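Structure first, then comments.
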Amino acid sequence: MKNQNTVFFVRKEFAPSRPAPASTVGVLGWIRNNLFSTPFNSLLTVVVGGLGAWSIWGALDWLIFNAVWVGGNEACKANPNGACWTFIGTRFDQFVYGFYEKPERWRVDLVILVLFVGVFWTGWEKAPARRWAGGFMLILFPWIAWGMLYGGIFGLPIVETSQWGGFILTLVVSLIGIIVSLPLGILLALGRRSNMPIINSTCVFFIEFWRGVPLITILFMAAYVLPLFFPTGMNFDQLLRALIGFAFFAAAYMAEVVRGGLQSLDKGQYEAADSLGLSYWKSMRLIILPQALKAVIPGIVNTFIGLFKDTTLVLIIGLLDLLGMVHAAIADPNWSIRSVPTTGYAFVAITFFTFCYGMSRYSRFIEDKLNTGHQR
Amino acid sequence: MNTLPNPESRAQPVIQIQKMNKWFGQFHVLKEIDLEVVTGERIVICGPSGSGKSTLIRCINRLEEHQEGQIVVDGVELTNDLKHIEHVRREVGMVFQHFNLFPHLTVLENCTLAPIWVRKQPKAEAEATAMKYLERVKIPEQAEKYPGQLSGGQQQRVAIARSLCMQPRIMLFDEPTSALDPEMIKEVLDVMIELADTGMTMLVVTHEMGFARTVANRVIFMDDGQIIEQNKPEEFFNNPQSDRTKLFLSQILQH
Amino acid sequence: MTERAATTSILNNSEFRRILYQLLIAALLIYLGWSIVENTIANMEARDIRTGFGFLNETAGFSIMMSLVPYEPGNTYGRVFIVGLLNTLLVAGVGVVLATIVGFLVGVMRLSQNWVVSHLANIYVEIFRNVPLLLQILFWYTAVLKPLPGPRQVFERNTEIYFGISNRGITGPEFILLENFSFTTWTILLGILFTIGMHRWSKHRQAATGQQFPVVFVGLGLIIGLPILIFLLSGAPIEFTPAKMGRFNLSGGITIIPEFLAVLLALALYTAAFIAEIVRAGIQAINYGQTEASRALGLRNGTTLKMVIIPQAMRIIIPPLTSQYLNLTKNSALAAAIAYPDLVATFAGTALNQNGQALETLAITMTVYLSLSLLTSAFMNWFNSRVKLVER
Amino acid sequence: MKKLFLSCLSIALLGGIAIAGGHEKGTLAAVKSKGHIQCGVSQGLPGFSNPDDQGNWSGLDVDYCRAMSAAVFGDANKVKYTPLSARARFEALRSGEIDVLARNTTWTMQRDATLGLEFVGVNYYDGQGFMVRKTLGVSSAMELDGASACTNTGTTTELNLTDFFRANGMQFELVAFERADEVVAAYDAGRCDVYTTDRSGLAAQRTKLSNPDDHKVLPEIISKEPLGPVVRQDDPQWADLARWTLNAMINAEEMGINSGNVDSKRSDSNPAVKRLMGTEGDLHEAIGVNNDWAYNIVKQVGNYGEVYERHVGANTPLQLGRGGTVNDLWTNGGLIYAPPVR
C-alpha cells in the first residue's frame with residue numbers, strides 16, 4: 001500500500017493467518033501475560049508465589065511426606081515434625097461410631113451406605129427413577145435410618161442416643177436439620193408471603209427470632225430451658241432437645257432461601273395459577289413451589305453446607321460429634337504429643353472440607369445449569 | 001459529497017497505522033493493517049461480524065493492545081507508555097454499542113466527570129460545556145435524570161455528548177445503533193450526522209449503509225481481519241471490486 | 001339446590017376462610033403459649049427454681065480473666081453482664097475490622113490478572129469457608145497458641161519485658177501518657193479537623209478552578225506525620241512501664257490473652273473468606289463496559305476505581321457485608337468453647353451455672369443478639385432505599 | 001408481666017410441638033417399667049466415673065449407680081450412663097433425663113435448697129486443692145501470688161478459688177473451661193501454673209498428664225467438698241431408696257460384710273446383720289424393693305470399703321490411701337458413718 005492517501009484500495013492477496021509471536025502465546029506468552037506483565041506484577045508473582053509455594057509445600061510435607069503412617073505413639077514421639085496419622089488410625093472406629101455398641105455397628109454402616117447411594121442417585125442427573133429416589137431419601141429414609149440406628153424395630157436392640165457419637169452423630173444432626181427444616185421452611189416462607197396478618201406476623205417473628213440469635217444460645221436454651229416447657233414426666237433426651245433447637249434454627253434459614261425463590265418467580269406465574277382456578281395449596285404444589293424450589297437449589301445446598309458446619313457446635317453442650325470426639329481424644333495422656341492436636345484437627349478439617357467443598361461444587365454446577373436455562 | 005474536504009489537501013494525518021497485527025491468544029484477529037486518517041475524514045468501517053472491525057477501532061485508543069506494527073495517533077505512538085496512552089485517550093472519544101453510561105451518576109455528572117478529573121476544568125465550566133453538548137444532542141432537559149430513566153436512544157445520545165465534552169479531535173463509534181430499537185436509530189444517526197457537519201474526524205463501525213452513503217467520505221470493508229477494500233462511498237457501493245465485498249453488499253443490501 | 005349453594009358459599013367465601021384460618025392459628029398459638037407458660041411455672045415451682053431478675057444485683061463471686069471495665073469478684077451479676085457484653089463487642093469489633101481488611105485484600109487478589117495471586121486467593125477462600133469455624137477456633141487455640149513456650153521458658157525471672165510472646169499471650173508495656181502528651185492529642189485532633197476542612201476546600205477549589213489537591217497525602221501527613229513530630233518535639237511524653245517476669249507469670253504491662261487471639265484470628269480469617277467472595281462478586285457484577293468507558297474518556301485507573309467502580313460496587317457489597325458483620329458478631333459466641341470470657345461464656349455460662357436461672361439469663365443474652373440483628377437489618381433497609389439505582 | 005414475658009419467649013421458641021398432658025408417676029415405677037436406671041455421670045474422671053476404650057464405665061460413682069440397680073432389679077448391670085458437663089448436670093436431673101446424678105457433686109446449701117435437688121448422702125469427703133509443676137519450686141498455696149490458675153467453670157471450685165485468693169490478698173488469673181479434660185489439657189500445655197479442683201480430682205487427672213511425676217499437690221485444702229449422689233426433691237420414696245443404698249454399703253463395711261463373705265453372712269445371727277440382709281423385718285417394703293436388696297448390693301458391687309479400694313484406694317493410679325483420712329470409717333476416726341438399719 002504505497003500511496004496511502006489514495007482512497008481506493010483493494011486487496012488482491014489475502015494475508016494468511018500467522019501464529020502469534022512466541023512472546024505472547026504458548027507457555028512463554030502465558031507466563032508473560034499472567035505472571036510478569038508489569039514490574040509490579042512480577043514482584044507480586046515472586047513474593048506471593050514464593051510465600052504460597054512455601055506454605056503449600058510446608059503443609060504437604062507435614063501432612064504427607066514427613067508424616068508418621070505406621071507404628072504407635074512411640075513412632076509419633078520420635079517424629080514430632082510430621083502428622084501423626086497412627087493416632088487417627090487407632091481411634092478411627094471411635095471417630096466414626098462414637099460409643100455405638102460394637103456388634104451393632106453394621107447398622108451404622110448400612111445407614112451410611114444407603115445414604116451415600118441415595119444421595120448420589122438423587123444428585124446424578126441421568127439416574128433412572130431419580131424422583132423416586134429423592135422422595136425416598138427425603139420422606140422414608142429418615143425414619144428408617146432413625147429406626148436402624150436407635151433400634152427397637154425389626155427386633156433390633158436399642159442403642160441409646162447417649163452412645164452415639166463421632167461422624168454418625170454429625171450426620172444425624174445435619175440430616176435431621178435439613179429434613180425437618182425443608183418442609184418447615186417452606187411453610188414459613190409461604191406464611192411470610194401470606195397476606196393474612198396473623199399468619200404473616202407469626203412467621204416473620206419466628207424467622208427473625210431464630211435468625212437473630214447465635215446457634216449456641218439456642219442450643220443452651222434447648223439443653224437447659226426446654227425441659228421446663230414440657231409437662232412433668234415428658235422427657236426428651238439431650239440429643240433430641242439439641243435436634244429440636246437445631247431444626248428450628250435451620251428452618252428459619254431455609255425459609256429465607258425459599259422466600260427468595262418465591263420472590264424470584266414472575267408475577268405472571270401466580271396470576272396464571274389463579275386464572276386456572278386452582279386452589280391456593282394446589283397452585284402452590286403444582287405450579288409455584290416446583291419452580292421456586294428448583295430455582296433455589298443452590299441456595300438450599302449452601303444453607304445445608306452452613307448447617308453441616310454448624311453441627312460441630314453441639315460439642316459445646318457436651319455431645320460428642322466428630323469434632324467433639326477428636327477434641328476429647330487429643331486429651332489422652334498416652335498421645336500427649338506435639339503433633340497430635342494438629343493432626344486431629346487436620347483430620348476433621350479434611351473431612352469437613354471434602355463434604356462441604358463437594359457440595360459447593362455441586363451447587364455451582366446446578367447454578368451454572370440453571371443460568372444457561374434462563375438464557376435466550 | 002463534493003463539498004467534503006479533499007483528504008489529499010490535508011497536511012498531517014491524524015491516525016497512522018502501519019503493518020499492525022493483533023492476536024487474541026493464537027487467533028490472528030487483525031492482519032497487516034495499514035490505515036491513514038486525516039483530520040476531518042469520516043470513515044465507515046463495515047464487514048461481517050468477527051471480521052475485526054471493532055477490534056481495529058479499539059486499538060486506536062488502546063482499549064486493545066496490538067502486538068506488531070505501529071499506531072500513531074495525533075503524533076503520539078501507542079506503546080505501553082501510560083503517558084502516551086493518556087494523551088491519546090484524551091484526544092479520542094468513543095461511543096459504545098451498549099452506551100456504557102455510569103448508572104450511579106446523573107446525565108450531567110456523566111458528562112462532567114472526565115472534564116473535571118482529566119481536563120481539570122472548573123465544575124461550572126464543565127457543566128456549561130456539558131449543557132452545550134446536551135443541547136446539541138437535544139436532551140438538555142434530561143440533565144438531572146439518571147441513565148436508568150432514559151430510553152436507549154436518549155442514553156446513546158448522552159454517551160455521545162459525554163464523549164464530546166472532552167472536546168476530542170477524533171470520535172470512534174463502535175456499532176452505536178445496533179443495540180437500539182428501530183425507532184431510536186434515527187435520533188442517534190441524526191446526532192451523528194450533525195456532528196459530521198461540524199467537521200469532526202469520525203471512525204464509525206456500523207451496518208447503517210444509508211449513513212455510510214450520505215456521511216462518509218471513505219468506506220472500508222473488512223473481512224477475516226484484513227482491510228479488503230476501501231473507496232469513496234459512491235464507488236464502493238456502486239462498483240465494488242473484490243468478490244468478498246460484492247458478496248457482503250449483496251447480503252446486507254437485500255434487507 | 002339454592003340451599004346447598006348458600007351453605008357452601010359461606011365455607012367457600014374467601015374472606016370467611018381467611019378469618020377462620022387466622023383464628024385457628026391464633027388459637028393454636030395462644031394455646032401453645034399458655035400451656036408452655038403453665039408448664040414452666042408449674043415446673044419451676046415443683047423444682048423450687050427462683051424466678052425474676054433480682055439476681056442481677058447479687059454478688060457474682062467469681063473472677064473473670066479479662067475485663068475492659070474494672071471488675072472484681074465482689075461485683076454483681078449485672079456487672080458480669082456488662083463485662084461479657086464489652087468483651088463480645090471488643091472481639092467482634094476488632095474482628096470486623098480485620099476481616100474487612102483481609103477480605104477486601106483477598107477479594108481483590110481473586111480478581112487479579114496474576115494467575116498465582118488469584119489462585120492462591122481462591123485456595124484461601126475455599127479452605128477457610130469450608131472448614132467449621134469452631135474447628136478453626138480450636139485449631140488456633142490448641143494447636144497454635146497453647147503449644148507456645150511458657151513464660152518461664154522464654155523470660156528470665158525479674159527481667160523487664162517490653163515485648164514478648166508466650167503461651168500466656170502477647171505482652172507489651174503498659175504506657176502512661178504524660179502531661180505533655182496533650183500537645184500530641186491536640187495536634188491529632190487539629191489534623192483531623194484541618195483535613196476535613198481541607199477536603200472541603202479542595203472540593204470547592206476543584207469546582208472553581210479544576211485544580212486538584214492531594215488531600216489524602218497531605219491529610220495523612222497532618223494526622224500522622226505532624227503529631228509524630230510534635231510528639232518528638234515535646235520530648236516523647238509517654239512512659240512505658242515494661243512487664244516484669246515474676247515467679248510464674250509476667251506481671252504489669254498489657255497482655256493480649258491467647259483466648260482472645262484465637263477467637264479473633266479464627267473469626268476474622270473465616271469471615272474474610274466470605275467477604276472476599278462478596279467483594280469479588282460485587283466488583284464482577286459491574287459491567288466491564290464501565291471500565292472501558294472510563295478508560296476511553298481518559299480517566300486514570302485510580303480515578304476510575306474511585307469515581308466509577310467503587311461507588312457502584314459498594315452498593316452491591318454493603319448489604320451482604322453487613323450481614324457478614326452480624327454473623328461474625330453472632331459467631332463470636334463460640335468463644336465459649338475456649339474460655340474467652342465473652343457474653344455467652346461469662347453471663348450465659350458461668351453466671352448461669354452459679355445462679356441456676358437459665359431462663360432469665362438466656363433470655364437476656366438472646367435479647368442482646370436479637371437487638372443487634374434488628375439494628376443491623378434496620379440499617380440495611382435504610383441503606384438499600386438510599387442507594388437504590390434510579391430506574392424507569 | 002412475667003407471664004407475658006414467658007409467653008412471648010415460648011411462642012418464639014416453639015412453633016409446632018404439641019404438648020401432651022403430663023402424667024405423674026413415681027421414679028421407681030418408671031425405672032422398673034423401662035428396665036434400667038439412667039445414671040448421670042461425669043464426662044470422664046478416673047476413679048469416679050470414667051469410660052474405657054470400649055465405652056464401659058467404672059468408678060466410685062458408677063458403682064453407686066450399679067448398687068442402686070442391684071437394689072432395684074437384683075442385677076447391678078441394669079444401668080445406662082449419661083455423661084454430663086458440670087453445667088448440664090442439674091437440669092438433666094430436674095428434667096427427668098436421668099434418674100440419679102452420681103457425678104462428684106458437692107453438697108451445698110444453695111444447691112440443696114434452691115435448685116429442687118435432694119442430696120442423699122456423702123460418698124466421698126473431698127476438699128479443694130492445688131497441683132503445680134515441681135519445677136516451680138512452690139511448697140505452699142500461699143506462694144501462688146500472680147499465678148495463672150486453670151479450673152472448671154460452673155463449679156464451686158471456681159468460687160472457692162476466687163475466695164481463697166481474695167482472702168489472702170493475692171492476684172491471679174483465672175482460666176476456666178467447660179470440660180474437665182480441657183482444663184487438664186490447658187494445664188498440661190502450660191497455659192496456667194496451677195490446676196485446682198477437688199483433691200480426688202487432682203489425683204485422678206494427674207494420671208492423664210504427660211508426665212505425672214513432674215507435678216505435685218500442695219498441702220492446702222481450701223474448702224469442704226462433700227461429694228454425693230443427688231436425686232430430685234419431688235420423689236421422697238426414690239430419695240429414700242437412693243439414701244439407703246449408700247447407707248447399706250457403709251453399714252455393710254462397718255459390719256464386716258463384703259462380697260466374699262456375704263453369702264455366709266446371710267445366715268448370721270446378729271440381728272443388725274439380719275435386718276440388713278433382709279432376713280428379718282420388712283423395712284425394704286417402705287423403699288419399694290425386695291428383701292434381698294442389700295445382699296444384692298454387697299454381692300454384686302461390694303461394700304463401701306471394697307468399692308473405695310477398687311477405684312481410688314492406695315493401689316489404684318489415684319493412690320488416695322484411706323487410712324487416717326476423713327474417708328475412713330467413723331470407727332477408724334474417719335467421717336464415713338451411716339445411720340442404722342432398723
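As the structure is a computational prediction, the values presented were derived from the model and not from experiment. Letters A, B, ... are given to chains in the order of the sequence lines, protein chains preceding strands, and every chain is numbered from 1.
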- Give the C-alpha distance, both sets of side-chain angles, the deciding distance and a yes or no for side-chain contact (heavy atoms from CB on, under 4.5 Å) between A:Thr342 and C:Thr142. CA-CA 8 Å; A:Thr342 318; C:Thr142 312; over 6 Å; no
- Task: For the pair C:Val344 and A:Thr217, evaluate side-chain contact (heavy atoms from CB on, under 4.5 Å) and give the outcome as yes or no after the intermediate values.
- Result: CA-CA 8 Å; C:Val344 170; A:Thr217 58; 3.9 Å; yes
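Residue A:Asp310: no heavy atom, backbone or side chain, is found under 4.5 Å from chain C. Proximity to chain C (any heavy atom under 4.5 Å) is shown, for A:Leu313, by both the backbone and the side chain. Residue contact with chain A, scored on non-hydrogen atoms closer than 4.5 Å, involves the side chain of C:Ile25 exclusively. The parts of C:Ala333 that come within reach of chain A are both its backbone and its side chain, each placing non-hydrogen atoms under 4.5 angstrom from that chain. With a 4.5 angstrom heavy-atom cutoff, C:Phe128 does not touch chain A via any of its atoms. Only the side chain of A:Leu315 comes within contact range of chain C, judged by heavy atoms closer than 4.5 Å. In this structure, chain C has a heavy atom under 4.5 Å from the side chain of A:Ile56, while its backbone stays farther away. Neither the backbone nor the side chain of C:Leu372 comes within less than 4.5 Å of any heavy atom in chain A.
In this structure, A:Phe308 CZ and C:Asn130 CG are separated by 10.5 Å, a value rounded to the nearest 0.5 Å. A distance of 5.0 Å separates OG1 in A:Thr202 from CG in C:Leu29, rounded to the nearest 0.5 Å. Atoms CH2 and CE, on A:Trp210 and C:Met366 in that order, are 6.5 Å from each other to the nearest 0.5 Å.
Residues in residues 203-212 of chain A take part in these salt bridge (charged side-chain N to carboxylate O under 4.0 Å, His left out) pairs, two or more places apart or across chains: A:Arg192-A:Glu208.
C:Leu134 is listed as a side-chain neighbour of A:Ile316, based on a closest heavy-atom distance under 4.5 Å.
C:Leu138 pairs with exactly one of A:Leu323, A:Val348, A:Val326 by the side-chain contact (heavy atoms from CB on, under 4.5 Å) rule, that one being A:Leu323.
Other residues, nucleotides and ligands place no more than 12 heavy atoms under 6.0 Å from the CD atom of C:Gln113.
Across all non-hydrogen atoms, the minimal contact from C:Leu120 to A:Gly52 is CD1-CA, 3.7 Å.
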